[in-house]
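The structure appears right after this line, and notes come after that.
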Amino acid sequence: MNKWIRLWLVCCFPLIADGQLRIGTGQISGIYQEHCAVCHGRDLRGGLGGPLVGQMPNKLTDEALARWIRDGNVDANMPAFKDILSEQEIRALVIYIREHQQMQTASQRTQTEPSGRGFVMETVVGGLSTPWGMAFLPDGSFLVTERSGNLRHFVEGELRSPVRGVPKAWASGQGGLLDVALHPDFASNGWIYLGLSQSDWKGSGGTAIARGRIRDNTWVDHEWIFQTPPEHRTRRSFHFGTRIILKDGFLFFAIGDRGEQASAQDLSSPNGRVHRLHDDGRVPEDNPFRNTEGAFPSSWTLGNRNIQGMDVDPVTGQLWAAEHGPRGGDELNLIAPGLNYGWPVITHGMNYDGTPITEKTEAEGMEQPKLYWTPSIAVCGIHFYTGSLFPEWRNHLFAAGLASEQLHRLKIVNNEVVEEEVVLRGEGRIRAIATGPEGAIYLVLNTPDRIVRLVPAP
Ligand code: HEC
């Protein structure tokens with residue numbers, strides 16, 4: 001194969017796939033058509049066997065669906081497939097059925113009946129170029145990043161020209177200027193943190209964190225807090241992560257696996273995990289792998305595929321993270337030091353092309369997600385709502401879907417998800433969520449690129 005075509009396939013395939021619904025396609029579709037369609041219909045709507053979309057199968061757990069396929073049911077006249085299909089293929093079929101269930105409901109546009117009061121969506125600012133992250137300043141204005149590399153300040157209804165002199169981002173594929181966050185003591189120290197992708201003169205890149213201050217719409221006092229060492233950079237322009245969380249003098253951020261799955265389990269790599277540093281970039285003495293020979297010292301976790309959502313539960317102080325899984329394996333995890341979240345050894349998803357990765361969804365010494373989305377919603381930002389305009393949603397976790405264009409609301413009690421609801425859909429790819437100073441829910445949206453806010457209906 002021509003080198004350039006191959007390079008394109010290697011580099012760009014996962015790039016297209018992450019954040020897009022690739023559901024109902026691929027090799028698994030062939031397996032379904034060969035073994036199941038004759039009874040359940042080519043479109044899963046039923047025939048000799050019942051429909052695999054709609055009410056009934058929705059009520060079955062993944063494990064129950066797998067059991068039906070594996071063991072069949074003599075009384076119901078459903079054949080067993082355990083001698084014909086591998087466990088991986090059965091797992092992939094479960095994901096395939098879930099995808100078709102999703103496709104049936106995805107056509108319902110606009111918001112579902114919300115549990116609380118109704119809300120209206122107002123556009124705050126449009127005319128942005130792939131906005132990615134946002135942060136409110138104490139004066140009520142906010143900063144927003146554009147993936148192309150601009151940091152912009154929105155003050156009193158007006159979007160200022162880009163801040164001059166911000167560190168140059170490698171705007172390629174999923175990379176560019178990503179998250180922005182303020183130091184908790186911003187009012188007194190003025191520190192602003194940026195997450196971005198960087199590349200060297202050879203076109204090899206990685207995730208970096210910088211901090212600086214803004215004076216006269218110019219980036220000053222610049223400091224690098226973290227830069228991916230050259231030996232861990234790659235030319236691939238996807239799976240950079242990241243989100244920035246500042247808490248108790250520490251800085252947390254995440255880097256994706258950079259398209260090298262094994263790196264997430266490699267102690268010496270910075271990729272595929274959450275990191276913890278002091279807010280000035282020093283490595284804390286009590287980091288879990290600090291004294292492990294050869295380990296990357298700022299590692300806080302292992303086995304995370306590509307985290308693009310992180311926030312702290314205001315009730316418990318616990319750190320939560322959402323990661324893009326492979327097809328059908330997006331995860332919400334409770335983050336704790338030194339734990340291994342399993343990628344790519346265990347996963348609830350399969351490859352984007354519909355081939356199985358592994359049938360293993362759990363293993364000794366590896367954490368289970370608190371929630372996983374099958375099919376994937378392409379989960380991006382997560383945010384605990386702390387405002388007062390929607391009192392019934394206070395401290396609930398909101399999760400943003402890119403491909404699904406859905407806003408999910410999750411109620412978490414004792415570190416478990418006890419309730420989930422889709423409160424908005426079909427308004428564009430949702431990248432990030434924030435609570436505004438007036439208590440509204442702000443959403444950073446792509447296609448069309450804009451920032452909106454949700455306020456209670458009059
Ligand atoms: C010979 C016909 C036949 C074939 C082939 C067949 N099934 Fe079934 N299946 C049935 C019947 C009959 C039932 C009984 C319940 C119903 O009508 O849905 C059933 C039930 C099920 C259920 C439980 C549904 C529910 O709502 O409880 C699942 C899941 C399922 N099949 C999946 C599959 C998959 C996946 C394949 C292909 C690997 C497959 N089946 C192949 C006939 C078939």
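Just follow the structure's listing: the first ligand is 1, and inside any ligand the first atom is 1. No experiment lies behind these values; they were computed from the predicted model shown.
At least one N/O/S atom of His40, from backbone or side chain, sits under 2.8 Å from atom 8 (Fe) of ligand 1.
Aromatic pair Trp300/Phe289: centroids not less than 6.0 angstrom apart. Within the 6.0 Å centre-distance limit, the rings of His275 and Phe253 are counted as a close aromatic pair.
Here is the list of ligand 1 atoms found below 4.0 Å of a heavy atom in Leu65: 29 (C). Listed by number with element, the atoms of ligand 1 under 4.0 angstrom from any heavy atom of Leu60 are 25 (C), 27 (O). Counting the atoms of ligand 1 from 1 in the order shown, those under 4.0 Å from a heavy atom of Asn77 are 12 (C), 42 (C). Within the listing of ligand 1, atoms 11 (C), 12 (C), 14 (C) sit less than 4.0 angstrom from a heavy atom of Ala76. The Cys39 neighbourhood of ligand 1 comprises atoms 1 (C), 2 (C), 3 (C), 4 (C), 5 (C), 42 (C), 43 (C), with distances under 4.0 Å to a heavy atom of that residue. Near Leu93, with a cut-off below 4.0 Å to any heavy atom, the atoms of ligand 1 are 38 (C).
Proximity of Asn73 to ligand 1, defined as any heavy-atom pair under 4.0 Å, is not found for any part of the residue. Residue-level proximity to ligand 1 for Leu52 is carried by the side chain, the only part with a heavy atom below 4.0 angstrom.
Taking the six-membered ring where tryptophan is involved, the planes of Tyr96 and Tyr32 are tilted, since the angle between them lies from 30° to 60°.
Between Met78 and ligand 1, no N or O atom pair is found at a separation short of 3.5 Å.
When each of Glu331, His324, Arg273 is tested with Arg305 by the rule side chain to side chain contact (heavy atoms under 4.5 Å, CB included), just one qualifies, namely His324.
Two residues are said to be in side-chain contact when any heavy atoms from C-beta on lie closer than 4.5 Å; Gln308 and Asn306 meet this criterion.
For the pair Arg258 and Phe240, the cation-pi criterion (under 6.0 Å, within 45° of the ring axis) is fulfilled.
Within 6.0 Å of atom NZ in Lys360, 12 or fewer heavy atoms from other residues, nucleotides or ligands are found, so the atom counts as exposed in its surroundings.
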